[in-house]
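Worksheet: the structure to be examined is printed underneath.
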Amino acid sequence: METIGHWVDGRPVDGTSGRTGPVFDPALGRQVAAVSLASAGEIDDVVKVAIDAGADWAEASLSKRASVMFRFRELIDSHRHQLAEAVSHQHGKVVSDALGEVARGLECVEFACGLPELLKGSFSPQVSTGVDVHTVLEPVGVVAGITPFNFPVMVPLWMLANALACGNAFVLKPSEKDPGPSLVLADLAHRAGLPDGVFNVVQGDSEAVNALLSHPGIDAVSFVGSTPVARHVFETGTRNGKRVQALGGAKNHMVVLPDADIDVAADAAVSAGYGSAGERCMAISVVVAVGDVADGLVEAIGARIADVVVGPGDDPASMMGPLITREHRDRVRAYVEGAPGEGARVVVDGTTLDRGEGFYLGCSLLDGVSPGMKVYDDEIFGPVLGVVRVGTFAEAVQLVNANPYGNGVAVFTRDGGAARQFQRSVKVGMVGVNVPIPVPVASHSFGGWKDSIFGDSPIYGPEGIHFYTRPKVVTSRWPEAPGRLDLGFPSGH
Ligand code: NAD
């Protein structure tokens, strides 16, 4: 059986720790490869390579860096299908969905291609007589990226496109559940002309993550994953003096007001709730039905579920693939099975789907869900939609704001004033108005609020440039006459 290894100093490298983990094809429900799990010693070797290579890359001209990023963009574009198939094979999502993931990652590379403009500093002439001040944006150094299983191409590109453009070296620690696509990305970056050692991939589990968090050669850490691990990464990384951005989990609400078009809202709820089998951090997991919209909406969502074709990701007829592992599938199933005992009503039961050995689960719809139930409080991360019924707009906003997560939220309405009030009232980082999955385009930045993020820096876009650079402010004077001794504090005149 194939063992998936690392990518270090411009080439594939076998692991030496002797530890491996299983990699499954979720559609077949069996192990198809093993992945090396790096030791602290292997992490140390990779970081040394990155430090050396990063020093030269930081000195590379902006035009050199931009030309590499443009070639990287072309190669990702021409390998879209290879990347999408690699994602589908180990993650399970349908290929059309994986192509969407690649497209959203590519956007981030396209944004980073504008690096000569993005890295322009600022200049203030004559701040004092004969004195000028300018700010330059320098790379941070070596950045570690730690990524989740659910977007094995897009999330690494959220990070590494800007990190490389800004002149940093990058060490990617992908999810051990679907490690394959990371090596395709590394190979494409290599073929784009990125110098060896600037972008490395090290496979591993928590041992590798903790070694990165404590390594003195790592200057900044970008993390995306679940909330408990995000909190751990943020606390450990910052304690060790690193700059850390850590994006966590979610419970995204879709509020449907009484005036909404029920068909539009039901289509959106089904697409955003069950797409990628609900394994998206921006998936809708709670529908908040306001007033008398509830009965019609529940019926319309239930009717559409019958049309969702569940099957292998590489079958063009499939709309939803399997879940990532057997354990995760069983965990999601247990939430649905436990829902009646918590007082919720199972409108559609997806646990009865029988699709052989793969890690499949059908779509489930629960009505009468409320805070305090596990199906409401926990991030289920599967194809389960819960409907919460509330009486008023104010109750809907209060529900959203009381939730500890604050990643994404959506409102469905035909009333512009209500939408505007909603957008201003909710304590959530990304808001959709009649858009169920409001993932910002790459020229903006992505980030939730509350327990969906630790640290103050959203990811990619302008905030990404900010995170991956350090400002250096230079105050200069070129005296026309000889200087004079003055022990006073500069007064600005
Ligand atoms: P995860 O937290 O289990 O794993 C993420 C990364 O952390 C992986 O690389 C993993 O190897 C590592 N890791 C896991 N346990 C660790 C530990 N105890 N110590 C150190 N490192 C550890 O997340 P996942 O299951 O791969 O991904 C799904 C989660 O990610 C969901 O909660 C989802 O909402 C979240 N997510 C968030 C965003 C966002 O932008 N906010 C985007 C995608 C996914």
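First listed ligand is number 1; within each ligand, the first listed atom is number 1.
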Nearest protein heavy atom with distance in Å, relative to [atom]:
atom	value
atom 28 (C) of ligand 1	F381 CE2, 3.6 Å
atom 36 (N) of ligand 1	C281 CB, 3.5 Å
atom 3 (O) of ligand 1	S226 OG, 4.0 Å
atom 22 (C) of ligand 1	V229 CG1, 3.5 Å
atom 40 (O) of ligand 1	F446 CE2, 3.0 Å
atom 8 (C) of ligand 1	T147 O, 3.2 Å
atom 7 (O) of ligand 1	F223 CE1, 3.4 Å
atom 18 (N) of ligand 1	S206 CB, 4.1 Å

Query raised in the report: Heavy atom under 4.0 Å from ligand 1: found in E379's side chain, backbone, both, or neither?
Result: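 Within the 4.0 Å criterion, E379 contacts ligand 1 through side-chain atoms alone.
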
**Report entry** Which segment of N150 sits under 4.0 Å of ligand 1 when only heavy atoms are counted
**Finding:**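 For N150, only side-chain atoms sit under 4.0 Å from ligand 1.
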
Report task. Can you figure out which of S175, G225, G448 has its heavy atom closest to atom 30 (O) of ligand 1? Result ->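 Nearest option to atom 30 (O) of ligand 1, by heavy atoms: G225.
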
Query raised in the report: In a check of salt bridge (charged side-chain N to carboxylate O under 4.0 Å, His left out) between D451 and each of K251, R231, K427, which one passes?
Result: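 Answer to the salt bridge (charged side-chain N to carboxylate O under 4.0 Å, His left out) test with D451 among K251, R231, K427: R231.
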
Query raised in the report: Rounded to the nearest 0.5 Å, how far does CG of L212 lie from CD1 of I218?
Result: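 Between I218 CD1 and L212 CG, I get 5.0 Å after rounding to 0.5 Å.
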
Query raised in the report: What is the distance from atom OG1 of T227 to atom CD of E379, rounded to the nearest 0.5 Å?
Result: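 Here the rounded value is 6.5 Å.
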
What atoms of ligand 1 come within less than 4.0 Å of a heavy atom belonging to [X]?
X	value
E176	10 (C), 11 (O)
W158	40 (O)
I146	6 (C), 7 (O), 9 (O)
V209	20 (C), 21 (N)

Query raised in the report: Would you say G248 contacts ligand 1, with heavy atoms under 4.0 Å as the rule?
Result: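 True for this residue.
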
Query raised in the report: Can you find a non-hydrogen atom of V155 under 4.0 Å from ligand 1?
Result: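 No heavy atom of V155 comes that close to ligand 1.
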
**Report entry** Between S39 and E207: side-chain donor-acceptor atoms closer than 3.5 Å
**Finding:**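 Per modelled atom types, S39 and E207 side chains form no pair under 3.5 Å.
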
Query raised in the report: Will you find, in the side chains of Y335 and S364, an N or O donor that is under 3.5 Å from an N or O acceptor?
Result: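 Short answer, no.
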
Query raised in the report: For the rings on F454 and H232, is their centre-to-centre separation under 6.0 Å?
Result: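 No; H232 has its ring centre 6.0 Å or more from that of F454.
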
Query raised in the report: Just by distance, do the side chain of S318 and the backbone of P312 share a donor-acceptor pair under 3.5 Å?
Result: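 Checked: pair present.
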
Query raised in the report: Hey, does the side chain of K93 reach the backbone of N150 with a donor-acceptor pair shorter than 3.5 angstrom?
Result: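 Judged by distance alone, yes, a pair lies under 3.5 Å.
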
Requested in this report: Answer yes or no: does an N/O atom from D205 fall short of 3.5 Å to an N/O atom of ligand 1?
Outcome: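 Between D205 and ligand 1 (N or O atoms, distance only) the closest approach is not under 3.5 Å.
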
Requested in this report: Give yes or no for whether the N/O distance cutoff of 3.5 Å, strictly under, is met between H232 and ligand 1.
Outcome: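 No; every N/O pair is 3.5 Å or more apart.
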
Query raised in the report: Do the side chains of M282 and P438 get nearer than 4.5 Å, heavy atoms only?
Result: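 When only atoms from C-beta onward are counted, M282 and P438 do touch, with a gap below 4.5 Å.
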
Query raised in the report: ring-ring contact (aromatic ring centres under 6.0 Å, His included): which pairs involve residues 23-45, sequence neighbours left out?
Result: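 Qualifying pairs, neighbours excluded: F24-F359.
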
Report task. Name all residues meeting the salt bridge (Lys or Arg N to Asp or Glu O under 4.0 Å) criterion together with R329; count only those two or more places apart in sequence or in a different chain, and write none if there are none. Result ->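 So R329 forms no salt bridge (Lys or Arg N to Asp or Glu O under 4.0 Å) with any residue.
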
Query raised in the report: Relative to the ring of F446, is the ring of Y460 parallel (under 30°), tilted (30 to 60°) or perpendicular (over 60°)?
Result: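 Because their plane-to-plane angle lies in the 30° to 60° range, the rings of Y460 and F446 count as tilted.
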
